[in-house]
Structure formats: structure tokens, C-alpha cells
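I have placed the structure first, in the form of C-alpha cells, so that the comments after it can refer back to it.
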Amino acid sequence: MFNKKIISFIALQLFLTTLVAQRSLPVYLDDAQPIEKRVEDALSRMTLEEKVKMVHAQSKFSSAGVPRLGIPENWMCDGPHGIRAEVFWDEWTQAGWTNDSCTAFPVLTCLAATWNPEMAALYGKSIGAEARYRNKNVLLGPGVNMYRTPLNGRNFEYMGEDPYLASRMVVPYVQGVQENGVAACVKHFALNNQETDRHLVNVNVDDRALYEIYLPAFKAAVIEGKAWAIMGSYNRYKGQWCSQNKYLLNDILRNEWKFDGVVISDWGAVNNTEHAIYHGLDMEFGTWGVDGYNQFYLANPFLTLLKSGQVQEAELDKKVRNILRLAFRTTMDRNRPFGSFASPEHSLAARQIAEEGIVLLKNDRQILPLNLEQTKKILIVGENAIKMMTIGGGSSSLKAKYEILPLEGIRNKIGSAASVDYARGYVGEKTAEQDGLTAADIIDHRSPEELIAEARKKAKEADMVIFIGGLNKHEGQDSEGSDRKELGLPYGQDNLIGELAKANKNLVVVILSGNAVAMPWANEVPAIVQTWYLGSEAGNALANVLTGEVNPSGKLPFTFPVKLTDVGAHAAGDFPGKDGEQVYRESIFVGYRWFDKNKIKPLFPFGHGLSYTQFTYGKPVISAKTLKANEILTVSIPVRNTGTKTGKEVVQLYIGDEKSSLPRPVKELKAFQKINLAPGEEKTVEFKISVNDLQFFDDRKHEWVAEPGKFTVYIGASSGDIRASVGFELK
């Protein structure tokens with residue numbers, strides 16, 4: 001039997017169809033009309049009070065519609081790695097639903113590590129379908145803040161240190177989400193590069209760094225991805241909080257980029273009614289310290305100013321237009337698909353993304369993939385082999401339908417081909433809890449000495465040892481709301497790895513983290529694998545890579561330093577700022593740009609990642625030795641798989657300006673392609689170069705400039721493994 005909601009929905013559809021046929025449908029309800037015409041018609045029918053209700057929250061994750069006019073509420077959901085479980089109307093506590101367990105997708109550092117825009121499109125389409133099924137019309141993600149320091153606790157939610165890589169990955173993600181009639185809300189705009197004092201810190205950054213490093217991914221999401229929503233960040237810039245910041249929201253986002261979507265505050269990021277009115281914010285969420293939603297800065301205080309005439313209604317109308325546009329793009333689009341949730345297809349997508357994002361950092365003696373004909377006794381060591389990583393970490397914490405842990409995945413994969421034993425090795429904090437979700441309790445009360453002794457004894461008896469450690473989602477590690485305290489591994493893992501290396505020469509170290517970590521033992525172990533928080537299919541993806549069913553093809557989206565002071569943000573010793581002020585002294589020299597400039601050798605360079613096969617690069621060919629305005633240069637290079645396994649390689653193109661009126665990096669990523677090659681197969685990779693690829697932002701003129709002169713194209717397997725170069729001149 002149909003329930004009442006379904007019957008009502010069918011009746012409404014029949015009614016609207018009849019009205020359309022009779023040409024009597026109000027303009028704002030007629031989706032055959034242009035959106036702007038519908039927006040103006042709806043706006044003209046609304047009362048002042050109805051408009052004000054739309055610009056602030058009515059619950060933790062929703063804002064009001066206009067029931068009288070049939071305009072639905074807006075419902076937000078946390079991402080960007082999965083659809084957060086339902087909470088009570090006015091609480092963070094889980095509502096206790098039994099049908100809101102989602103697919104947990106890999107974190108965005110993993111997506112960036114695929115260096116594959118096709119994976120970004122798959123990710124966006126899949127998570128957007130899950131949001132749509134749960135009747136959300138705004139997904140609070142993806143995050144594209146730049147990786148400035150490895151101590152940022154929220155780096156795992158972002159797409160690495162390079163603005164070009166992040167730009168190429170965010171666009172298909174946004175487009176994939178919005179195919180489902182769900183708005184992607186790109187965050188956190190802008191300069192949200194630390195969690196320490198995030199509600200207080202004022203970021204001091206020069207315009208060159210702002211435009212060249214910290215804005216490009218947001219710009220690409222807006223201009224190319226056509227994002228329907230942007231979330232302002234907590235921190236300040238030029239003394240104004242970013243969720244109500246004239247320079248970022250009005251001058252850049254609206255005026256320079258012509259953004260026509262909705263600007264949403266981060267939860268609790270609004271601090272001033274006047275600034276919230278005039279500085280580009282549309283919707284206020286999560287404000288703390290007030291008595292109810294009607295007392296939000298954009299609620300009754302705003303309404304009072306409007307009624308008194310101190311604020312013109314036109315200021316309110318600007319905001320409501322953007323919100324109505326959001327509604328017509330999402331909840332009021334009758335062609336919107338219905339979505340799907342926690343489906344086998346989404347599990348497969350999560351696993352594929354995880355597999356492509358795993359990075360093989362080191363593989364001496366080619367001890368990977370596992371040779372199960374020779375390896376009969378395998379020992380797994382480490383807490384992260386049995387620890388859930390979907391719960392905790394802040395707003396990205398998930399109630400996952402399932403999570404295959406590394407030990408489980410490896411045992412299932414190997415089956416009876418070899419014995420798989422386990423030793424704990426180390427113990428961290430009690431399992432993370434968040435919003436009423438609790439992971440399995442894996443506490444172990446043995447002393448560190450006892451745990452190490454057991455692991456060492458078992459390691460001596462094994463053919464192969466796989467250590468699975470790294471960071472986790474606890475406060476002070478990879479977690480919203482706090483930054484890491486140090487670059488090193490917690491819980492005495494460095495000492496444990498050293499002991500395992502002495503006990504067994506066949507040691508594989510697997511690091512689970514969203515950040516770079518120090519590796520003082522790197523020269524003592526033959527193999528290192530960087531995985532991330534991989535979501536529901538974590539154990540299966542890792543097992544497939546370790547056994548060679550999947551040939552690793554991930555590349556690092558950020559540089560791994562040897563020590564913290566090698567990083568530009570820490571070289572001056574002023575992170576995380578003083579007296580609420582943080583100065584970005586390294587300017588444009590973020591990540592590999594800093595290492596190149598100062599000739600510092602990293603532990604592993606940006607773009608690094610090995611394979612179980614080998615690739616050789618031929619001689620590059622350039623279509624011309626000079627480039628003029630409105631022309632395109634073509635650079636081509638043959639790449640051959642000279643190994644014995646089919647594999648994927650990311651061919652990276654960097655460009656360096658030989659002489660400039662302002663300081664420039666030695667080289668900057670300007671293009672990349674991921675190609676699949678069978679053994680012995682060769683493909684010629686082509687790249688297009690235009691004048692736009694040669695520009696820098698001249699803060700003296702406040703414009704992008706390409707200066708005539710000589711440039712060098714560098715092509716390689718990473719920023720530190722350049723295989724070929726060729727020069728040309730800009731006329």
C-alpha cells in the first residue's frame with residue numbers, strides 16, 4: 001500500500017502538470033522559465049519575515065523555506081568523505097536512525113594522490129548520489145585549502161600543496177556532485193591552513209601568494225566547476241573574519257569571479273551583524289552563545305535593522321536571490337535524479353579510488369608485491385591494522401555501513417596461501433568517540449616493553465613483516481579542531497620499527513595518515529607504503545596493492561620533509577602565530593617550491609610514487625622554439641613501460657621562468673597526464689602550453705603578467721625526478 005507521502009507527492013505532480021498545461025503555473029514554479037525570472041518572481045511574493053528566515057539556520061543542519069509558496073527547506077550534510085549520520089534537530093547527538101549508515105569514501109588526500117581527474121568525477125558523482133538519496137541539497141565539501149604545513153590537523157580533508165593539482169581535481173568532483181541536483185559547497189574560503197586558534201588567528205599574506213597559491217583551486221571550482229555554494233572559513237584575513245569578509249567575498253568571489261551561488265558560513269563563524277549583512281554572506285549556521293536561532297546575527301537583529309530603516313531591504317534581497325537560485329538548482333528541479341545510498345557500486349568506487357591513491361614510496365629488492373610462493377609466514381604488526389578510522393576527526397566522522405580493516409583485508413586476500421599472524425606492537429589512546437558513535441574497544445593493557453618483545457619474537461620467526469601504523473583521528477593528530485604537536489610518529493612507533501628492522505630484513509612499513517610524517521628509520525627498511533584513511537574498502541584496497549593484484553600508481557600530493565624546519569612555514573619558527581597574528585613569510589614558496597628554492601633535499605618529493613613496473617621517458621619534442629600571444633605550443637614525449645607488469649604512470653610537466661622581474665619558483669606544475677601501459681607498450685604524451693601557463697600575479701599592478709623571455713619545460717615522474725627538459729622563448 002502506498003503511504004500518504006507518496007500519494008501526496010503524486011497528487012502534487014499531477015496538479016503541477018495540469019497547471020503547466022493550462023499555462024496558469026506561477027512563474028517561480030514553472031521550471032520551463034529561466035532561473036533568474038523565477039528568482040525575481042518568487043522574491044516579489046515573499047514577506048520581509050519570510051526572507052529573513054531564509055538567511056539563517058532553523059536547526060543544526062537546515063534553514064527555512066517558504067511553505068506558503070511551496071519553496072522547500074535547505075538541508076546541509078557534512079562531507080566530504082561520506083554523508084554524515086542524522087542528528088537530532090538541535091543537537092550534535094546521533095538521532096538513532098537505522099538506515100543512515102553510508103559508504104565511507106577515501107579522504108581527499110587520497111583522491112589527490114590518484115592524480116586522476118576521472119577518479120575525482122567518480123568520487124563526486126558517487127557521494128553526490130548518496131547525499132541526494134538522503135534528501136540533502138548541499139554537500140559541505142570538498143575542501144581545497146592548501147597544504148602549507150604538515151602539522152595542520154585538517155590536511156587530510158584537502159587536496160595537497162599544489163594549486164594546479166588541486167584545481168584539476170576539484171572541478172570534476174564539483175561537477176559530479178552537482179549532476180545529482182546537490183550543491184557542492186567548496187570550503188574553507190580562504191586561508192584556513194591551521195586549526196590552532198582557528199577562530200582568532202588573522203592571516204597576513206601577500207597578494208602574490210594569495211592569488212598564486214591559496215585561491216586558484218577555489219577559482220577553478222567556481223569558474224570551471226560552476227560550484228553552487230562556497231563556505232567561508234573561521235580565521236580572519238585583513239582583520240575581518242572570512243565568513244563575513246569584504247575582500248574575499250565581495251571583491252574577489254562576487255566581483256572578480258562573478259560567483260552567483262550561495263555563501264554559507266562555517267558553523268559558528270559569524271561574529272558581527274553589520275559585517276554579515278554587507279560583506280557577502282548569505283546564510284548563517286551554527287552560531288554559538290545566542291538564545292535560539294531567532295537571535296542569530298542574521299535573524300532578529302537583522303530584521304530589527306530592516307524594520308527601522310537602518311538597513312535597506314535591497315541588502316536582504318541580494319542574499320535571498322542567491323538562496324532561491326540554490327533552491328531552483330536543487331530541491332525545485334523536477335528533473336533531479338533520486339540518488340542511491342550505500343550501494344555495491346559506491347563500494348566499488350570507494351575501492352578503486354583507494355587503490356589508485358595508495359603510494360609506494362620505497363621498494364628496495366622489489367620485496368613487494370608479496371611472493372606467496374616463497375612467503376608462507378606473514379606477521380602483521382601495529383594498532384592501525386585493527387583500528388577503525390571512519391569515526392572521529394571532526395565533522396568528517398562517519399557512521400559507515402562497514403569498514404574493512406587492514407588485518408581483515410589482508411587475511412581475506414591471502415586466505416590459505418600463507419599464515420597471517422598478528423602482534424599489537426604499540427597502543428594509542430582509547431578508541432575515538434564522536435556524536436554518539438563509538439568504535440570497537442581495542443585497548444591493550446600490556447606495557448610497551450611487553451608489546452615490543454612479543455612483536456620482535458614473532459618477527460624473527462616470520463618470512464615477512466608488515467608494520468601498519470602512522471597517525472589516527474584523535475585530537476592532536478589528523479583531526480579538526482587541533483593541530484599536530486610534532487612531525488614524528490606517536491606512541492613510540494619509531495623505536496618499534498627500528499626493532500622490527502633488526503629482527504627481520506623483509507620489513508614493509510605501511511603508514512596510515514593524512515599528513516607527512518618523519519621517518520628516521522627510512523634507510524633501515526626496504527619498503528614503505530603510504531596509505532591514507534581509505535574508508536569502507538580500506539583493507540581490501542591495501543591487500544590488493546600489497547599482493548600485486550593492483551599495481552600501485554599513486555603519487556604524493558605534497559612533499560615529505562626530513563624534518564619540520566625544512567618546511568617554509570616553519571623555517572622562521574613562527575607557526576602557529578603570535579598574539580593572534582600569523583605571517584606567511586614563505587609567500588609563494590609553498591611545498592616543493594620552497595625545497596627547490598633553498599636546495600633542500602626532501603625525504604620524498606612532491607609527485608613521487610613508484611610502481612611494480614618501470615617506465616622510461618624518451619626525448620621531448622616541442623612544436624616551436626618561440627611562443628607568441630594567442631598561440632599554443634605542443635610538447636610531446638614518448639613514455640614506455642619497460643617492466644613486466646601493466647601499470648599506470650603520471651607524467652608531470654613543470655615550467656620554469658629563467659628570468660623575471662619578481663621572484664619566481666624554480667619550476668611549477670602546469671600539466672600532468674595519467675597513462676596506462678602494458679609491458680613493452682609506448683605512448684606519446686602531448687601537453688599544450690599557452691601564455692596563461694607562464695603568468696605570475698604582479699601585486700604591484702594587481703594583474704596577471706607573462707613577461708617575455710626564456711622558459712624551460714621540465715618533464716618527469718616527480719618534482720624531484722625530472723627525466724627531460726626543453727626550452728622555448730616567449731616573444
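Just so we're clear, the structure is a prediction, and the values are computed from it rather than from any experiment.
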Requested in this report: Determine whether Thr149 and Phe575 make a side-chain contact, defined as any pair of heavy atoms from C-beta on separated by less than 4.5 Å.
Outcome: yes

Report task. Could you tell me which residues satisfy side chain to side chain contact (heavy atoms under 4.5 Å, CB included) with Glu345, sequence neighbours excluded, listed by chain and number? Result -> Ser343

Report task. Return yes if a side-chain donor-acceptor contact under 3.5 Å exists between Tyr147 and Asp162, otherwise no. Result -> no

Query raised in the report: Within a strict 4.5 Å, meaning less than it, do heavy atoms of the Val529 and Val509 side chains meet?
Result: no

Requested in this report: Give a yes or no on whether Lys674 atom NZ has more than 12 heavy-atom contacts from other residues, nucleotides or ligands under 6.0 Å away.
Outcome: yes

**Report entry** Counterpart residues, side chain to side chain contact (heavy atoms under 4.5 Å, CB included), relative to Asp657 (two or more places apart)
**Finding:** Ser660, Arg664, Phe711

Query - Note: Lys563-Asp566 ion pair, threshold 4.0 Å (strictly below) - result: yes

Requested in this report: Identify the heavy atoms of Ile367 and Leu507 that sit nearest to each other, and give their distance.
Outcome: CD1-O, 4.0 Å

Query raised in the report: Going by distance alone, is a donor N or O of one side chain under 3.5 Å from an acceptor N or O of the other, for Glu480 and Ser395?
Result: yes

Enumerate donor-acceptor pairs with a distance under 3.5 Å from any side-chain N or O in residues 597-604 to protein atoms, sequence neighbours excluded.
from: Asn598; atom 1: ND2; to: Trp594; atom 2: O; distance (Å): 3.0

Query raised in the report: Mind checking whether Glu668 and Tyr164 have side chains closer than 4.5 Å, heavy atoms only?
Result: no

Requested in this report: Go through the steps to decide whether Phe606 and Tyr592 satisfy the test ring-ring contact (aromatic ring centres under 6.0 Å, His included), and finish with yes or no.
Outcome: CA-CA 6 Å; Phe606 170 78; Tyr592 67 90; 4.8 Å; yes

Report task. Report the C-alpha distance between Tyr237 and Tyr214 in whole Å, list the side-chain angles of each, state the deciding distance to 0.1 Å, and finish with yes or no for ring-ring contact (aromatic ring centres under 6.0 Å, His included). Result -> CA-CA 12 Å; Tyr237 166 64; Tyr214 298 103; over 10 Å; no

Query - Pair Asp478, Asn155: side-chain N/O donor-acceptor within cut-off below 3.5 Å - result: no

